[in-house]
Structures are given as C-alpha cells and as structure tokens.
Protein chains: 2
Amino acid sequence: MAARRTKWQKRKVTMLEIATAAGVSKTTVSFVLNNSPNIIAISESTRRRVLEAAKDLGYSPNAAARSLSTGRSDAILVVVFDSRSWDQSLVGRLRGVEAHLVSQGYSTHMCTVDGEGGTSTFFEILRSGRADGVLLTGSATQDTYPVLHAICGQAEDLGIPIAALADAWLGTPVRVAADIDDESGGEQATSHLIEHGHSRIALLGVAGQGWAESRKRGYEAAHEKAGIPVDPHLFVQLDDHNQTWAYEATLKLARSVDFSAMFIVSDALAVAALSALKAAGRRMPEDCAIVGFDNNETWSKFTDPPLTTVHNPFYESGFAAAETLVHMIRREPIKPVLLPVSLVFRESCGCQRKVSQEQ
Amino acid sequence: MAARRTKWQKRKVTMLEIATAAGVSKTTVSFVLNNSPNIIAISESTRRRVLEAAKDLGYSPNAAARSLSTGRSDAILVVVFDSRSWDQSLVGRLRGVEAHLVSQGYSTHMCTVDGEGGTSTFFEILRSGRADGVLLTGSATQDTYPVLHAICGQAEDLGIPIAALADAWLGTPVRVAADIDDESGGEQATSHLIEHGHSRIALLGVAGQGWAESRKRGYEAAHEKAGIPVDPHLFVQLDDHNQTWAYEATLKLARSVDFSAMFIVSDALAVAALSALKAAGRRMPEDCAIVGFDNNETWSKFTDPPLTTVHNPFYESGFAAAETLVHMIRREPIKPVLLPVSLVFRESCGCQRKVSQEQ
DNA sequence: ATGAAAGCGCTAACAC
DNA sequence: GTGTTAGCGCTTTCAT
C-alpha cells in the first residue's frame, strides 16, 4: 500500500537528514565528518551523536556538491599515451597508481591518447574540473607529441599539476614523478653479458625515447667499466618501439656483423629479436646470449630460452608517481624518486637452468 | 604593478559571464548550450550570439555543478577484477570502452579489485554519485566473489545499471553486455587440429570460468561434429588461470598420456604449455600441434613456433559493452551482443610457414 | 522568444 | 560549542 512513490529509488541521505537525526545543524555535521580544523570546537558527545547518525543512516557525501563547493574534485586523471603498444606494464602501473590514490581519497579518471580523437576527452575532463592533477604514462610518439604539448599547456593554464610516470617527456615541462633506474638496468644487463665472456655485444634500442636512451647509456657505461670499446656497428636504433622492425633489423644485423650477445631494451622487442636470431640459424644462448628489459610477468619466463631480463617495478613506480602527484596537488614538498632495478637471471644469458621452474 | 591578484589562476568562465557577453540570461545560455527541448523557442540570432560568446570566452561547463543539478554524473565506473593477471586484453578492452564512452560524452572512472582493500573505493565512487553505470571486467575468483556480490547489491540499491564485459559472472544478476563467441572459437581451433589429422587432442582448460568452459564446449562440439569421441583423460582443468600450474599439468600429461595435439584455452596458458612440452622433449608442431586462444598482439606471434590461435576482439568487445551499458543507463532497449571470432593461422598447428613475417 | 528564481548538497566565514 | 547563511555553477519550472 503506502501508495505514492511509484518507484522507490533508495533516497540518498543528505547532511541535513543526519543533522536532524543528531539534533544539530548541517555545519556541525560537516565539521565532524570532515574533521575540519574547527573540530576542536565540537564536544565529544556531539561528535559521537553525529557519527552515529551518519552511520545509521548510511550516509555518503555527494561528490558533486562537495566539489562544487570546494573547487576540488578529489580525482586525478591518468592519461595513457599510445596504449595500443602497452600491456602488462600499463596494467601494473595503473594498479600502483590506484592503490596510492585510493589511500589518499582520490578516485581515478582515465583517458587514452592514440593518434587522433581522444584529445577532446582529455580537455573536457580537465576543463570541466573533474581532475585535480594529471598523470601521464606511456610514451608519446611523433603523432602524439602535439597532443602532449597541448595537454601541458592546458594543465598549466588551469593551474593543474601534471606529472609523468616513469619516463622523461623531452621538450615538455612535465616533471617525472617517479622514474626507474634505466641506466643502471642497462649497465647490469650488459655487465652480466660481459661477465659471461662476451665482448661483441649488439644493442637493440629505440631512438628518441628517454627510457631507451638511458638503457643504452647503461650499455655504454658497462663497456667503459670493463675497458671494452663500444662498436657503433653493433647498434640498431629503431625509430619506434615496433616489433616488426625489431625482427627485421635483427635479422639483418645477424647476417652482416659479428656478435655473440645482445642487449635489447625491452622484452617485447627481445622476443622479436629472439625470433629473428632463430630465423638466422642461431641457437640461444650458445650462439648468442640475450638479455632483455622489463621482466614481463606473463611472457618473459616462457620464451625459449627463458629470458634473462631486468625487472621493471611497474607497480611500484605507479605507486610512487601517484604519491608525488598528490604532493604536488597539495603543494607539499616533493622529492625525486628513482627506483632501483635488478636483473632476473634465467637462461637466455647463458646461465644454467634453474633447478625448479618456480621463478 | 597591477597589484592585487597575487596569483593569477585563469578564472573559469561561467554561464553567467557568457550570458552577459551575449546580452541574454543564464537560462537562454543553458538552453542553447544543451540543445535542450526548449531550444525551439530560441531565435536563431540569439543562438548564434550565445554560441559565439561561449566560444570566444572558451567556456566549458563545470561538471560538478551540472552533476549536482541533474543528478547524473556523466561518468561510468570500470571495475577491473584481478587485474594482476590481465595484460593486453585488459588494455584492449579499456581502449574500446573508452572510445565509445567518449563519443557519448561520458568519462571513465576506474578502480581495481584484487583480493582485499579495493572494495571501499568502489563503494565510495558509487555512493558518492560519481558514476551512472558500472562495467565489470576481468574475472572474479574465489577471493573476489564476495566483493562481486557486494558490488552488485550496492549497484542495485542505488539503481545504477551494472554490466559485465565479455564474461558471464555466474550466480550474479550481472548481465553480459558484450560477449565473444568462445564456443565457436573453441570449435574452430579444435576442428582445425582435426583437419590436420589429429584425433587425440589434449585440452588445457580452467574450471569454473565461464569463458573457459565455453571454449571447452567448443572443443567437444568439434569432436562431435567429426565423429571423434572425446577422451576425458585428455582434459586438464586448472582451478585457476595460472601459468605455473599449466606448466606442471602439461608436463605431467605429456608424460602419462598419449596425444598428438593440444588446444589451450588462452595464449598465456599456451606459452606455459609450450614450454612444458619442450621440457618433455617434444618438438612442435611435429610432435604436438598446438592452438591457443586470444591472439595476444605483442607475444603470440613470436613464440617458437609462432602460435596459431583464436583472435579475441578485445577492443571491439569493450566498445560494444560500453555501448550496451550506455543504453541501459538511458533506459533504451538493448540487444545482446555476441562477437564472432576467428582463427589466426601461424605455425604451431602444423600449417606451413607464411611467406613473410608480416602477420 | 526570453528571463526570474528556486533549488541540487555541501562548505566555510561569521555570528552568537 | 553551535547555528545562520551565503554561495559554488548549473538546470528547469513557471512567468511573462
């Protein structure tokens, strides 16, 4: 019976209702619920009554109202560049980002930027005040660089902090919120190969990408340290992080120059190279030892041979980047983050097979 | 000079300002900008003036204010279950989801649910009115099933539509917004193996997951069609989508029963199986032909041998699912979506090597 | 064809 | 210690 109310949508509880229930005013409720500075001026008993009422009624603040009133949105926007080419690394980072954001009371908006189109979303989200900060991830290519610049401009205009996750975005004012030690990784990888006795180590890199260039510097540093000259003929620098090119370039290299090992700046490229080397008739690691970079959880340990690679702490860097961004939003001091990386030994480098498959 | 205004934050333009600029009232501006039904009552010239002013001033509506006023949020929440185990499939789907959502003026909130913790975020986002609809993706495991149920309950209480992306969530009221034809995929894969002359085809599946079970049904259907009896001894049903288990189970199977081919319900599991088969001394495809499922863009073509697999249209299913969810939100009629899948022929099934590496 | 005005739910400056 | 009240920017009903 209780006619009226043709369709009963569970009414959202408002502050007013809980104020009434607790016999106080909205203000008091607001102070209590937000633990606002004025909370000191609220008696313990009132506080308790309010909290209780809020709980009983199942209160949740309305985000829009709060946002309208405070001017904040308590959300950040994650922009993924060229998501097409990203896999677990992206997912891992996203998990880390979200984990920290959640702990700080922020929610996560997401948008992707691939070539065209997507741009507008980004601007709308930012301009409509849906985000208090922006986190960039992925890596911009030639197509997306203009977009990247527009994004930076927009964020600056709006006074919204913007930070990059794990990669330098050259030529932009974007600060890297959390980076990993790409150079050290490249050095560890290369040094390990050198320890295995190799002196002609090929390098498969990507030109123009900060992370790849750093890894390459690590490769050079390892040579320097060992007193081995680097031979530029052993370099292949792709114009883009592209597997097909990696395959072809490696095939060509294997047929034209002499080398007994190879450091590849990413696992995704490494599998392509592995495939090309096999096509060139080489057996790994006997005819060519290999080390990659990233340690993709799902795929890298099941290559043939299992790939020795530098572990990239995706989750951790996402977490740290979010942390930095939140500091920026709150105008708190921030310290640069450089996460260490380390080598995961499997068989492609020439190390012996592990006893169990457990790694 | 121009003292005052110590820090100049580009003032957000409001409707009032554009109203003033155009010499009309807020109401008119709102009507024009939203193309509201009353737009018919706005003279073309006024309309143009308003539009022009809005453009000149670089106006963007404030999302919070609009949301507070309309009760909508123009955003949907994507919940990713067990994101740990997802890679490109997730990214592909997310891209699809976002592509459609953007076209409809929705923004995307994201949160993950892994074991513990994350739950709260979810509820907060929903209860604080930040989302008009929920899209579930990933697959719930035993740990996360309770969370899943809580989520469904919450969404229902709030009257917020909730839909699943590409997988049935057994025992919940969640409707599948866009599914792919897992069964047909399993059948195509198996039939192809049968055409290659195999009659003892092992199956590596996952128990309790809708998608995996469907793929298995396809395997059985193919046998039935070919008049080949299925031998349950050839089945391995993992309790979870776990590569280590897949490796071990396959190794054991290879050593205990006789089979000349294998259908594996996912590429991730397939690489583990491939590795195990090699460890058991088999050469592929000669000693064992293999077909997987998913066609991971980055990894599946560089396995050794290149993996023949069923292409899973991740992007498309994300797109379609978002489409359905939007229909649900708008209370428009919806039609079930079942995307077709097809086999990608490479070499692990025994087919000849392609002329170029181009696929 | 257009405008006035009443909210939407919350915050915070200011009174008491 | 606690309450009043004036917005925040937008939508929408109802006048005109």
Side-chain angles (χ1 to χ4, degrees), chain A residues 9 11-51 53-54 57-74 105 124 127-130 132 158, chain B residues 9 11-51 53-54 57-74 105 124 127-130 132 158:
Chain A
Q9 199 93 318
R11 275 264 318 109
K12 278 289 292 176
V13 183
T14 73
M15 279 189 117
L16 188 57
E17 300 178 46
I18 122 164
T20 314
V24 296
S25 74
K26 284 195 315 183
T27 311
T28 307
V29 176
S30 177
F31 284 171
V32 172
L33 263 28
N34 294 320
N35 250 300
S36 85
N38 299 322
I39 188 80
I40 48 168
I42 303 283
S43 74
E44 184 54 25
S45 73
T46 312
R47 212 182 83 88
R48 253 205 282 278
R49 277 210 320 289
V50 170
L51 254 18
L57 272 50
Y59 174 78
S60 278
N62 176 307
R66 179 197 296 242
S67 172
L68 183 56
S69 186
T70 60
R72 286 174 293 132
S73 67
D74 293 321
E124 266 331 298
R127 308 197 47 191
S128 63
R130 286 190 213 267
D132 298 339
L158 264 24
Chain B
Q9 199 93 319
R11 274 263 317 110
K12 278 289 293 177
V13 183
T14 72
M15 280 190 112
L16 188 57
E17 302 178 46
I18 121 166
T20 313
V24 297
S25 75
K26 285 194 316 182
T27 311
T28 306
V29 175
S30 177
F31 284 169
V32 171
L33 262 30
N34 295 319
N35 250 300
S36 84
N38 300 323
I39 188 78
I40 48 168
I42 303 285
S43 73
E44 185 54 25
S45 73
T46 312
R47 211 181 85 88
R48 252 203 284 277
R49 278 208 321 287
V50 170
L51 254 18
L57 271 50
Y59 173 78
S60 277
N62 177 306
R66 180 197 294 244
S67 172
L68 184 55
S69 186
T70 60
R72 285 174 293 132
S73 66
D74 294 320
E124 266 332 297
R127 308 198 47 190
S128 64
R130 286 192 212 266
D132 298 339
L158 263 25

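To find a chain, count down the sequence lines: A is the first, B the second, and so on, and within it residues start at 1.
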inquiry  = Quick one: does any side-chain atom of A:Ser128 pair with a main-chain N or O of A:Glu124 as donor and acceptor, under 3.5 Å?
reply    = yes
ask   = Taking protein heavy atoms under 4.0 Å as touching, what does nucleotides 11-16 of chain D look like 5' to 3' if B marks base contact, S marks sugar-phosphate-only contact and - marks none?
value = BBB---
side-chain hydrogen bond (donor to acceptor under 3.5 Å, both in side chains) partners for A:Thr46, two or more places apart = A:Ser43
query = Any side-chain N or O of B:Thr46 under 4.0 Å from OP1/OP2 of C:dT2?
reply = yes
query = Taking the nucleotide of DNA chain C with the closest heavy atom to each, which residue, A:Asn62 or B:Ser43, is nearer the 5' end?
reply = B:Ser43
ask   = Rounding to a whole Å, what distance do you find between B:Lys12:NZ and D:dC10:C1'?
value = 13 Å
task = Figure out the CG/C1' separation between A:Leu68 and D:dG7, and round it to whole Å.
result = 9 Å
query = Starting at CG of A:Leu16 and ending at C1' of C:dC10, how long is that distance when rounded to a whole Å?
reply = 11 Å
ask   = Can you tell me how far P of D:dG9 sits from CZ of A:Arg127, to the nearest Å?
value = 15 Å
note = On a heavy-atom basis, the closest approach of B:Asp74 and A:Arg130 is O-NH2, 3.6 Å
inquiry  = Quick check on side chain to side chain contact (heavy atoms under 4.5 Å, CB included): which of B:Val32, B:Val24, B:Ile18 does B:Arg49 satisfy it with?
reply    = B:Val24
request  = Can you tell me the distance, in whole Å, between the CZ atom of B:Arg130 and the P atom of C:dC8?
outcome  = 21 Å
ask   = So do the side chains of A:Glu17 and A:Thr14 get within less than 4.5 Å of each other, counting heavy atoms only?
value = yes
Between P of D:dG9 and CG of B:Leu33, the distance in whole Å = 16 Å
CG-CG distance between A:Asn62 and B:Leu68, expressed to the nearest 0.5 angstrom = 6.0 Å
